[in-house]
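Worksheet: one structure, shown below.
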Number of protein chains: 4
Amino acid sequence: MSGNTIGTLFCVTNFGESHGPAIGCVIDGCPPGMELSEADIQHDLDRRRPGTSRHVTQRQEPDAVEILSGVYQGRTTGTPIALLIRNQDQRSKDYGEIAQQFRPGHADYTYWHKYGLRDPRGGGRSSARLTAPTVAAGAVARKWLGEKFGTQIRACMTQLGELTLPFESWEHVPHNPFFAPVADVQQYEAYMDTLRKAGDSCGARLRVQASGVPVGLGEPLYDRLDADIAHALMGLNAVKGVEIGDGFASAAQRGTLHGDSLTPEGFASNHAGGILGGLSTGQDIEATIAIKPTSSIISPRTSIDVQGRPVDVVTKGRHDPCVGIRAAPIAEALLALVLMDHALRHRAQCGDVRQAVRPIPASNA
Amino acid sequence: MSGNTIGTLFCVTNFGESHGPAIGCVIDGCPPGMELSEADIQHDLDRRRPGTSRHVTQRQEPDAVEILSGVYQGRTTGTPIALLIRNQDQRSKDYGEIAQQFRPGHADYTYWHKYGLRDPRGGGRSSARLTAPTVAAGAVARKWLGEKFGTQIRACMTQLGELTLPFESWEHVPHNPFFAPVADVQQYEAYMDTLRKAGDSCGARLRVQASGVPVGLGEPLYDRLDADIAHALMGLNAVKGVEIGDGFASAAQRGTLHGDSLTPEGFASNHAGGILGGLSTGQDIEATIAIKPTSSIISPRTSIDVQGRPVDVVTKGRHDPCVGIRAAPIAEALLALVLMDHALRHRAQCGDVRQAVRPIPASNA
Amino acid sequence: MSGNTIGTLFCVTNFGESHGPAIGCVIDGCPPGMELSEADIQHDLDRRRPGTSRHVTQRQEPDAVEILSGVYQGRTTGTPIALLIRNQDQRSKDYGEIAQQFRPGHADYTYWHKYGLRDPRGGGRSSARLTAPTVAAGAVARKWLGEKFGTQIRACMTQLGELTLPFESWEHVPHNPFFAPVADVQQYEAYMDTLRKAGDSCGARLRVQASGVPVGLGEPLYDRLDADIAHALMGLNAVKGVEIGDGFASAAQRGTLHGDSLTPEGFASNHAGGILGGLSTGQDIEATIAIKPTSSIISPRTSIDVQGRPVDVVTKGRHDPCVGIRAAPIAEALLALVLMDHALRHRAQCGDVRQAVRPIPASNA
Amino acid sequence: MSGNTIGTLFCVTNFGESHGPAIGCVIDGCPPGMELSEADIQHDLDRRRPGTSRHVTQRQEPDAVEILSGVYQGRTTGTPIALLIRNQDQRSKDYGEIAQQFRPGHADYTYWHKYGLRDPRGGGRSSARLTAPTVAAGAVARKWLGEKFGTQIRACMTQLGELTLPFESWEHVPHNPFFAPVADVQQYEAYMDTLRKAGDSCGARLRVQASGVPVGLGEPLYDRLDADIAHALMGLNAVKGVEIGDGFASAAQRGTLHGDSLTPEGFASNHAGGILGGLSTGQDIEATIAIKPTSSIISPRTSIDVQGRPVDVVTKGRHDPCVGIRAAPIAEALLALVLMDHALRHRAQCGDVRQAVRPIPASNA
């Protein structure tokens, strides 16, 4: 299998290195006839872009996407859609010393062992820059799901370092640099300013939600919908944990509480997070991810070089002090890709998703 | 893709329903020449078996495995290995009423919508019984990994309902019905007795560990090792959360703490849980899973039937009041399958895993 | 990928060795709700069975299939369908000497090199016996295609050794042991009797046809329908050539002849064999396969043993003097599997196959 | 599965349309550490290029390849290698009328039915232009196989229209526009000149050979080496037949002749074409393909338009009067891709290919 491909019917193959000529992806299996333009994709890419606030990496990349194939006269043809993003603002001189050293918390050590060599510039293939093609592909999936089922996918921050964010409303999320569901983000900005001056980094927690999901997506075993969602989200750089519904809190619950009762008006609750037996119930899919603190920090760190001798590693370059800040659009894109793939898989085996026979599901609070 | 298959090079296709004639799996891609017998596999199956203590389902199944192919004169031939387990102790009359009702927390509702019909007996395909073939296949993988790399995989319970279990030693795990790492399990037995009498169920938390893992297993993007581990573990019935290393605690950590420093003597810590940049570091792989409380409980539950009319669902049959109690061998098997698959993928692309050039990794506490 | 699996959405994983306990397959991805019984499958298996005439191997196998999963109350559930066929009439003592020798024309030499060991009994995995599970799975596919599209798949012999068979009518095919489209097969029986007494073997040519095929099955590149048909048919033991439509005769044709004109009444001809640009046109799919003469013959053959020393190999056991005689049901099954897979793939990407908008295709003569 | 991808471990995903901005491919799974430059790939692309003689299409495309990723400091990194070829000499105005018509022998009719729309310019996705990325990827595979095993792959023309070409020597092949193994090609040039003036086209037959192939590549069932070779070659535009070894001639042979005897000095013959039981024997792999006459001819053809009304189709544009003339490099590339993929699959399951224990195979005449 192509390890750099996600999906089995809506297949996205991701290529590129952080400081190479270009990054991009090829989408194979997109249904034909859907209107698609660069603008549709650029919108989501712009939400993810670096250099948009002082709280994220200052690398300036326009991330302008070019559609190379698979679209004719504004509609998808059903043939592979290749999306290209040229790298522009590489500062490769920042990485000169690192080539011989292993930066703690990074993939340097593991890549060197696996491949025998690595492109050290900007983290090479391990860079979070490679989430841009994922977001581009996710935009295509999101569009189809929205038009087909009315699916809506959104994510927000629920924790920043040690600070827990209250959930006020989805309305606030697009209007602050944190994708935070709160009106006033001043304390979070102050927190980040302090952190940056200290030359350190912090983690985060995000909530990812999909509504308008048809019933029955997923397979009974192995390729269950929650398993594939976990696969996609855990595969995002820096993610160390994934939960569905009540997640780890479920462990301490009783069956009489956790099981979501069904009534003629719909489900009475959604502890399950929208997935039962590995298949979607039609309720909102709720997932949470934990993001570790950035490994690239300005504070010197103890490490070794390729000969095994001790060195102090000083990471230069421009980095996100909290990669969780820009993660929301990427988490949304990943969820879109998984749902898209399962929608096509379901259609393959069972025909068009039965919209009509849906008993009344209740959405989440 | 075959949704009921896990793995890309060590492929395991699982078949069967809880009350059908038989369950089993086909393993395709096993390296040739390894000694393998039913006894090797039966050992792991016996650890998982139902009816072995009063704290688990009382269904009596010998779970005797039969090797139908792929082994000749005691050695694997490299051809597909089919493993068969005949179902014996089905009590299908316990499921007569359920056929028209949707049990809360179960896959009844979702399967009915997806397929238009379902085998209701014992949960059909959604039953945890289908973890037996997974364990059988995992035994084969575990054997090869052990012989090839000295890999050791083990799991234990760390939380039962609201009770947190201390970690005393791996030594205790095989000697109590909870796979608990403690010498004295009396309080947990009392807890379960109370729960059973109340007709309720509880969740659990398990720790899964692999040591002796070679460096460099995993792919940079999408099919990262942690992503595939999350996929496998989240795909286990009743799992609602997966963590790697410090998991959700990472969100509140600082980069100066979380990043594991490298020294000439090895890694100074293992917050990462043995995986960096999606690839194994050679350190112990540490994962945690959260298991929800069993949905099948004797207490009546509110639900609807296939016409959407309200009913009270009374689940008969024999069930685990905490499926987490028997989950340890299954979690181990799943981790074995993922590591096996990645070991073969690594060998495909990069040749035999480089054992010699491993700088000194430090194992976990 | 699982090398012993065919198909991407209607996945068939084949297991078993000729003299092992059992052979069989697992079908994953079958649409739910279709009526299916052992009888449906047994019918096709009986057409393929050995020991049915003096012209084929005299090994007596009832080839009774057992459905182990995936069917409930007579309908497919959408879950994996495991089919089991127990081996009964193994005569393993016929293979004692062969274990150390490489029989010419067989897989002994190649398997020994690849795996380091082999099951020599009856050819092990290389035996044509393993076509039985293929036929079993093909029966399921054929049934669905017939009910969904009215697809009909049939094959007949067009050449036996040096003898060319005329095509009189499909009506004759089920009524003689050769699957020959002729009324009188006396000369072919005489030919085979002579051959058997001489202890030799011969090859054959078969025609395989599918009618009632919807338009548009196939992918533009790589997984074109003709490519997948060639893959399936060339994968059949002893096949050395595959043609689509006019096949090798096309090389000597002019474009003005070969291109099938379209008229409002339909295609004027079918040189293409039902496939254009890798996709089905709705016309009959016509393919031809060449089968080499059986390698297992009673005449002694020169060869070497595992030490490289010269030996005379005398093949005992019971073998087909012409494996082409029983190949028709297998070729049909393979074509059914490919069409089934592509029907599901088409449905995944493009929705239900557009039956209504079919311009008038003309069927073959 | 991604239908536009070939290979399971050395995966090549092809994208692009004939008149779109660019064509290209992404190679995933290439072993790391191999030297690779644009020049390595350009060499093979130049052999395939249009406009190089009066006997082929006059479209002028430099086909300059650009490596976008996966190579660092001149060596493959093990990460995906994206190859881009910009289209330059599109003459889209030649295709204005065709958009509403179905050209006989082309994919217009089938694509329109499958997707509901199509890019008609230059044949869109169905154009033979899309063989360029295949050749580019094949160059990478060929290089690795050559360095690893000394594998050599070459193809030549054996038939042009009705003319059979004698085989004089491989030496001549690079020195004439036909990839013909003969010193004097005058009669073939005259033949083509006549054909072109007549506004017609012809077919061809090609021989494809691989030497220096290790023993044991292939799987016992379904993904046999010959099956995958047939899949790749039949998937090449305009191919209507594939043979391995003696191919269709095998049907009329006796077992005593066809079976290749083994002696201590090696195989005595190679009727099998280098593949036994679906696995490579170490002998030369010999395959033959039949190519149909070009569908795009200047002579008017009868057809219908999208409303089903009769039209005369006059194909303008620049086309190959015999696509077989430029097919040799493409056939070689396809064989390289299949061998590459199987080499990695073999290494995954069985470790490095056992070079040492090869008994003496005899090469072909």
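Lettering follows sequence order; numbering is per chain, from 1. Just so you know, these numbers use all the heavy atoms, side chains as well, and skip hydrogens, waters and symmetry mates.
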Review point. Are any of the side-chain nitrogens in C:R118 or C:D108 under 4.0 Å away from the carboxylate oxygens of its partner?
Key: yes
Review point. Do D:R301 and D:D312 meet the salt-bridge criterion of a basic N to acidic O distance under 4.0 Å?
Key: no
Where does [X] contact chain C at under 4.5 Å (heavy atoms): side chain, backbone, both or neither?
{"X": "D:L233", "value": "neither"}
{"X": "D:I291", "value": "backbone"}
{"X": "D:E162", "value": "both"}
{"X": "D:R254", "value": "both"}
{"X": "D:N14", "value": "both"}
{"X": "D:A204", "value": "backbone"}
{"X": "D:S280", "value": "backbone"}
{"X": "D:V311", "value": "neither"}

Greatest number of heavy atom pairs closer than 4.5 Å to chain C - which of [options]:
{"options": "D:R224, D:R309, D:Q159", "result": "D:R224"}
{"options": "D:I229, D:D226, D:I244, D:L195", "result": "D:I244"}
{"options": "D:G235, D:A251, D:P220", "result": "D:A251"}
{"options": "D:L163, D:T134, D:L236", "result": "D:T134"}
{"options": "D:G216, D:A107, D:G218, D:A238", "result": "D:G216"}
{"options": "D:A290, D:P293, D:A287", "result": "D:P293"}

**Study point:** From CA spacing to verdict: side-chain contact (heavy atoms from CB on, under 4.5 Å), D:R125, D:Y111
**Key:** CA-CA 9 Å; D:R125 182 91 181 126; D:Y111 275 41; 3.9 Å; yes
Gap between atom [atom2] of [Y] and atom [atom1] of [X] - 0.5 Å precision:
{"X": "C:L257", "Y": "C:D260", "atom1": "CG", "atom2": "CG", "answer": "9.0 Å"}
{"X": "D:L279", "Y": "C:T110", "atom1": "CG", "atom2": "OG1", "answer": "4.5 Å"}
{"X": "C:C350", "Y": "C:R345", "atom1": "SG", "atom2": "CZ", "answer": "11.5 Å"}

Using a cut-off of under 4.5 Å for heavy-atom pairs, which of [options] has the most such pairs with chain D?
{"options": "C:G247, C:G324, C:G277", "value": "C:G247"}
{"options": "C:T302, C:L276, C:I289", "value": "C:L276"}
{"options": "C:D305, C:L225, C:T288", "value": "C:T288"}

Review point. How about D:F267 and C:Y109: are their ring centroids closer than 6.0 Å?
Key: yes
Point to revise | Residues forming a side-chain hydrogen bond (donor to acceptor under 3.5 Å, both in side chains) with D:H231, sequence neighbours excluded | key: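 Once residues adjacent in sequence are excluded, the partners of D:H231 under the side-chain hydrogen bond (donor to acceptor under 3.5 Å, both in side chains) criterion are C:D223, C:D228.
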Study note, to complete from the structure: Contacts of D:H258 meeting ring-ring contact (aromatic ring centres under 6.0 Å, His included) (sequence neighbours excluded), chain-then-number -> D:H271
Check your understanding: Is chain D contacted by the side chain of C:Q349, its backbone, both, or neither, given a heavy-atom distance below 4.5 Å?
Key -> side chain
**Study point:** C:R205 and C:E243, any side-chain heavy atoms less than 4.5 Å apart
**Key:**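 In contact.
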Practice item. Locate the shortest heavy-atom distance separating C:P264 from D:P310; write the atom from each residue and the value. Key: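 What the structure gives for the nearest pair is CG-CD, 3.5 Å.
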